[in-house]
Amino acid sequence: MIAIKAGKLIDTDNGAVLNNQLIVIRDGKIESISKRLELPAGASVIDLSNMTVLPGLIDCHTHLADGVHDTDPTNQLKKSASQVALESVPNARATLESGFTTVRDVGVYRALNDVALRDAIARGYIVGPRMYVAGAYITITGGAGAMTGFAPDVQLPLDLHYGEANSPWEVRKKVRQLAHDGADHIKVLASGAVLTHGSNPKSQEFTLEELQAAVDEATHFGLRVAAHAHSAQGIKNAILAGVASVEHATMIDDEDIALAKQHGTYLDMDIYDEECIREEGKKGNMPADFLRHDFDLGQLHRENFRKAVRAGVKMAFGTDAGVCNYGTSGKQFAFMVKYGMTPMQAIQAATSSAADLLGHSDLLGSIKPGKYADIVAVTGDPLEDVSVLENVQFVMKEGKVYKMPGPPAH
Ligand SMILES: [Zn+2]
């Protein structure tokens with residue numbers, strides 16, 4: 001049994017702050033939380049009374065299983081699948097140690113590497129966040145989730161075009177396959193992409209009919225669908241098809257915002273990674289076509305985020321981790337506040353709302369009896385300065401401590 005003394009505790013379910021709480025943890029779950037001061041007999045005590053304690057953070061848009069940070073997907077062909085998988089081990093550790101105890105991973109270049117990474121973490125072979133994974137991208141031929149940039153007569157191995165589908169029934173077949181393979185959700189691509197060769201983010205890819213097939217088939221397996229969409233039409237199709245979340249939502253228009261509100265669709269807007277795209281561009285590391293795709297979208301994305309927040313659309317925290325270095329996702333909080341959220345809203349996007357999007361509010365997203373003991377802590381008050389979440393100093397996942405605050409600096 002572990003008892004945590006929390007100086008301040010953020011109650012993400014109620015948007016409130018509690019002082020001097022005692023959290024009792026048993027068998028990886030939270031047993032109780034109260035203001036009582038006497039410690040339960042036999043408990044080992046963790047004293048965080050000078051810190052702000054929060055539920056473990058959740059990033060709803062990551063790509064942890066793509067190996068070392070790399071700006072050009074075609075480099076995947078220079079490595080074996082096992083090389084990429086082993087390169088992903090530090091990605092998982094950096095993510096957990098930065099305070100993200102859970103991720104919703106939304107696609108992988110080498111199909112099923114994410115399933116393997118999830119299972120290796122869950123079995124304790126390696127250290128990382130709890131992962132919910134997609135297994136592969138379901139995408140049109142040559143689409144946003146396809147491995148492109150090669151001569152037309154190059155035949156790719158199966159795991160590099162696993163989720164290619166070009167009709168409602170082909171989409172259903174891929175959903176069935178991925179459900180069988182152990183995917184936790186389905187990722188579809190409803191528009192072109194920024195970081196894919198030969199793609200146009202302003203286009204539409206899957207039709208409404210194909211997206212409806214994905215959502216309907218996924219529902220048969222109890223799976224939710226996340227749809228990548230930059231263009232307004234792609235976003236509209238995804239919402240109308242009934243996806244759980246629209247990823248990026250870069251060019252969302254007023255009609256889409258109203259539709260998202262009406263359908264209760266989450267938006268997962270990765271408004272920080274523009275910094276990294278530009279930075280890599282300056283260093284000459286970003287392929288020129290990717291920079292052209294991105295040229296007029298970065299600022300528009302952030303202004304549209306502000307509009308969506310103001311309209312009251314459901315928002316989850318997602319960074320597209322892998323675009324920026326792993327372990328730096330906390331930097332997005334300050335951008336979410338800069339573009340219209342309160343610090344509490346930004347924190348809820350990465351905790352209670354993220355848990356709701358995952359469909360696991362019973363286990364994740366707040367510090368409540370019966371939920372996983374996923375607990376992080378920071379020095380300072382994130383409600384005054386949300387950027388303190390860039391330096392998470394204490395990390396516990398399912399009752400196990402992965403990071404402790406260091407001795408005070410002199
Ligand atoms: Zn992504």
Side-chain angles (χ1 to χ4, degrees), residues 58-73 76 84 88 91-92 95 100 103-111 113-114 117-118 129 131-140 143-148 160 162-163 178 183-197 199-201 205-206 224-231 234-235 238 243-252 266-277 280 286-287 290 293-294 297-298 301 305 315-326 328-329 331-332 350 354 357-358:
I58 304 170
D59 190 338
C60 294
H61 190 126
T62 66
H63 304 279
L64 298 189
D66 285 332
V68 293
H69 174 72
D70 193 332
T71 50
D72 192 342
Q76 292 281 324
V84 173
S88 302
N91 303 347
T95 302
F100 288 84
V103 300
R104 187 180 67 145
D105 208 78
V106 285
V108 61
Y109 294 124
R110 291 265 187 184
N113 262 12
D114 52 351
L117 188 64
R118 173 196 70 190
M131 289 180 75
Y132 294 100
V133 303
Y137 296 108
I138 302 186
T139 180
I140 63 167
M147 180 59 73
T148 53
L160 285 165
Y162 200 83
L178 288 166
D184 299 299
H185 49 257
I186 296 299
K187 171 73 178 290
V188 293
L189 292 104
S191 83
V194 173
L195 306 179
T196 305
H197 293 295
S199 194
N200 175 9
E205 293 198 345
F206 277 133
R224 297 182 179 191
V225 177
H228 158 111
H230 291 293
S231 68
I235 296 165
V243 303
S245 68
V246 175
E247 309 301 303
H248 313 296
T250 310
M251 288 170 261
I252 192 164
Y266 271 97
L267 302 182
D268 211 1
M269 298 177 75
D270 51 327
I271 59 169
Y272 171 68
D273 58 15
E274 175 68 12
E275 301 299 305
C276 304
I277 294 173
E280 296 287 0
M286 191 58 79
F290 294 2
H293 298 159
D294 186 59
L297 296 183
H301 195 196
F305 175 86
M315 306 293 276
F317 182 101
T319 63
D320 216 353
V323 175
C324 294
N325 281 320
Y326 299 101
T328 64
S329 295
K331 290 188 175 179
Q332 185 166 279
L357 169 56
L358 278 160

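Just so it is clear, the model here is predicted, and its values are computed rather than measured. We count ligands from 1, going down the list as the structure has it; atoms in each ligand are counted the same way.
For Glu247, every N, O or S atom stays at 2.8 Å or more from the Zn ion (ligand 1).
Within Asp320, OD1 is the N, O or S atom that lies nearest to the Zn ion (ligand 1).
Annotation: angle subtended at the Zn ion (ligand 1) by His61 NE2 and His63 NE2 is 100°, to 10°.
Not a single ring-ring contact (aromatic ring centres under 6.0 Å, His included) links His185 to another residue, sequence neighbours left out.
Checking side-chain atoms of Asp268 against main-chain N and O of Gly318 turns up a donor-acceptor pair under 3.5 Å. The backbone N or O of Leu195 sits nowhere less than 3.5 Å from a side-chain atom of Ser199 that would complete a donor-acceptor pair.
For His228 and His248, the ring centers are positioned less than 6.0 Å apart.
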